[in-house]
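One structure is given below, encoded as structure tokens.
Naming convention: chains lettered A, B, ... in sequence-line order (proteins, then strands); numbering from 1 in each chain.
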Protein chains: 2
Amino acid sequence: MSGRAVTLTDVATKVGVSARTVSRVVNNEGGYTPETRDRILAAIDELGYRPNLMARGLIRSGTDTIGLLTCEMLDPFFPEVAEGVNQASTKLGRTMLLAATHNDREEQTRVLSSFQGLGVDGAIVFPARDTFDDLRAAARAGLPIVIVNHLVTAPNISAVSADIQRGAELAVEHLADQGRSRIALLIESEAHHYPPTPRREAGYLSALERSGLPVDSDIIVPVFNSVEGGRDGLRRLLESTRDIDAIFAFNDIIAIGALQEMLSAGISVPDDVAIVGFDDISMCQAVTPTLSSVKIDREVLGMTAVEVLQDLIETGDAEARSLPVELVVRDSS
Amino acid sequence: MSGRAVTLTDVATKVGVSARTVSRVVNNEGGYTPETRDRILAAIDELGYRPNLMARGLIRSGTDTIGLLTCEMLDPFFPEVAEGVNQASTKLGRTMLLAATHNDREEQTRVLSSFQGLGVDGAIVFPARDTFDDLRAAARAGLPIVIVNHLVTAPNISAVSADIQRGAELAVEHLADQGRSRIALLIESEAHHYPPTPRREAGYLSALERSGLPVDSDIIVPVFNSVEGGRDGLRRLLESTRDIDAIFAFNDIIAIGALQEMLSAGISVPDDVAIVGFDDISMCQAVTPTLSSVKIDREVLGMTAVEVLQDLIETGDAEARSLPVELVVRDSS
DNA sequence: CTGAAAGCGCTTACAG
DNA sequence: CTGAAAGCGCTTACAG
């Protein structure tokens, strides 16, 4: 298209100096007269020269980019994390590159290869299911990786995670403290294959125990991760028993489905049944009644991931970090 | 980290062939015995060789990547477009790289340089304000660009856009057809600096005219682009007049703010005042009453942008496309 | 303060 | 079917 791109040599030829001198100016190395510098900068401007990052990356250790690998772009959890990653990266002079894997192992492999091949200095990964071995292999091959929301560690790998179990405990204790004793759990259906879920379940169970409430597996309902999944889960719950007075949901999306279903079934929220979600997405404030939720500061999560990754890139080692969560009580509980 | 990455030459040395032969196998060029191929593939696997895309990109025309440049990651409009772009790219064997500009000219310039330097084959851009000249310059320098939602064209630039004006007309005609005659417009405040807004305003005006309704500038209210902006806009509207029976909002976020404010002001929706938003984000179905909206198929928008970009990359020319919109009527109107 | 040479990891002609 | 040479655009020692 439009012919060849402008190169360092083009600039050098135009000014009548060597490529080495232009390189010095481009990289602010010093060791040139102000006059030479000005002539070179003028030529760069005039010619529209942009350094070829591939050529540079081939030589230098890195390309000043970091890759962010997400499972699911459409999950409302995600954009705010990306925003935090982007901000923190920019502050470090790095460009964030983002790609999605749809929770698919092969797609993750493909994207990871692209990132490595493009010379990213490190990657922040929301891992697809059952791919920790792939990530360990990539790390061993030289790619520093920070895993989000799974406390995996290995050489050249670190992790950042919100304290999900504690969040679940806060939610369920809050419900128990109101005197609710039949607290149902709507849990994502692939629970037993995916780390985040057990942590929510663990928090639910430990909070029940601490509150002296019995566990009733009839009111622990696996659901699909969608609004419709929440609706459907509530219908199934009501078919088996009407004897519940609270619900803790895997996330806000599922909670909103359950909420809608309760309202259309004539159940009063929170008078008959209280409900608490998880994630504190912005929709919590838009629904009626507004939805209580466990808040994870997703931007901070993203920014922290970048900090840990930077550590890992620079020192080859970085301690995993866990971030606090917070319960936001609204009208639904 | 963990030493040097594995190169083509490492593989060649291990198998005892030349780099050229390994290159042939890696790129499926043919011209080798099955036996040679198998030995090379085995070595690649064992060594964990990954082609260095920077070296390859330095030679070949492209890197099989395309860049997606968004203004605002947090806008709910965006992830679905990105999803569409991602799907269509993957189908073409390309990796999508994504970065955000926050509607900031300098940040856009920085990201665009990174993308060019990394050798993306083309870019899909949600342009930051007043940056068409920058984009034209980048296109002239050899980067094929597809602009989203602005029908700009120039050499090496094409565009994809939803028919926003028609969407606005559909919404306002729908309200007028119900006999509503005092239809307010909540319009984003920076309206006159940004193309999308005039198109909505144009649709609003032309629909009023077609319906024989007068224009009253007192009920055209500029608001900030946020839920709070919608709330605030409605408060200001009610201060100046209570004589309205419908609202058309710039987007769903603003509409939801206005909706909340109406409900807390004791205004019945849609009996007293009907309201229609724009974009059809998923929250429309979660609020009470559910919100009517103009639907833009964002995934299709993203996929179409990729198709146009591919055309532009391959042929150096591609016609701009406009996508139809659809009115989704729900409980709020 | 400035430059000539080598090389990053690959592919592209070209030769056998 | 296989390989030796040149070169993509830059930077890294090294020399003056």
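If you measure from atom OH of B/Tyr49 to atom P of C/dG9, you get 10 Å, rounded to the nearest angstrom. Distance A/Arg37 CZ to C/dC1 C1': 14 Å, rounded to the nearest Å. To the nearest angstrom, C1' of D/dT12 lies 14 Å from CZ of A/Arg56. Look at CG on B/Leu58: it is 18 Å from P on D/dA6, rounded to the nearest Å. With rounding to whole Å, A/Ile40 atom CD1 is found 13 Å from C/dC1 atom P. If you measure from atom CG of A/Asn52 to atom P of D/dG7, you get 18 Å, rounded to the nearest angstrom. Counting to the nearest Å, the P atom of C/dT12 and the CD1 atom of B/Ile59 are 7 Å from each other. Regarding B/Met54, its CE atom lies at a distance of 13 Å from the C1' atom of D/dT11, rounded to whole Å.
Contact annotation: A/Thr7 does not reach the phosphate of D/dG9 (side-chain N/O to OP1 or OP2, under 4.0 Å).
For C/dC1, the paired base is D/dG16 (Watson-Crick or G-U wobble, both distances below 3.5 Å).
When all heavy atoms are compared, the tightest approach of A/Ala82 to A/Met96 is O-SD, 3.7 Å. The shortest heavy-atom contact between A/Asn156 and A/Leu312 is O-CD2, 3.5 Å.
In this model, no donor atom of one side chain and acceptor atom of the other lie less than 3.5 Å apart for B/Thr63 and B/Arg94. Side chain to side chain, B/Thr131 and B/Gln108 meet the donor-acceptor criterion of an N or O pair below 3.5 Å. The closest side-chain donor-acceptor pair between B/Arg321 and B/Ser158, if any, does not fall under 3.5 angstrom.
Checking B/Gly16 against B/Ala55, the closest nucleotide of DNA chain D that is more toward the 5' end is the one next to B/Gly16.
Contacts with DNA chain D (heavy atom under 4.0 Å) in residues 19-33 of chain B: B/Arg20, B/Thr21, B/Arg24, B/Gly31, B/Tyr32, B/Thr33, listed by number.
Other residues, nucleotides and ligands place no more than 12 heavy atoms under 6.0 Å from the CD atom of B/Glu106.
The NZ atom of A/Lys14 sits 4.0 Å away from the CD atom of A/Glu46 when rounded to the nearest 0.5 Å.
Closest to the A/Arg60 side chain, of the nucleotides C/dT12, D/dT12, C/dC10, is D/dT12. In this structure, the nucleotide among C/dG3, C/dC8, D/dG3 sitting nearest to the side chain of B/Ser18 is D/dG3.
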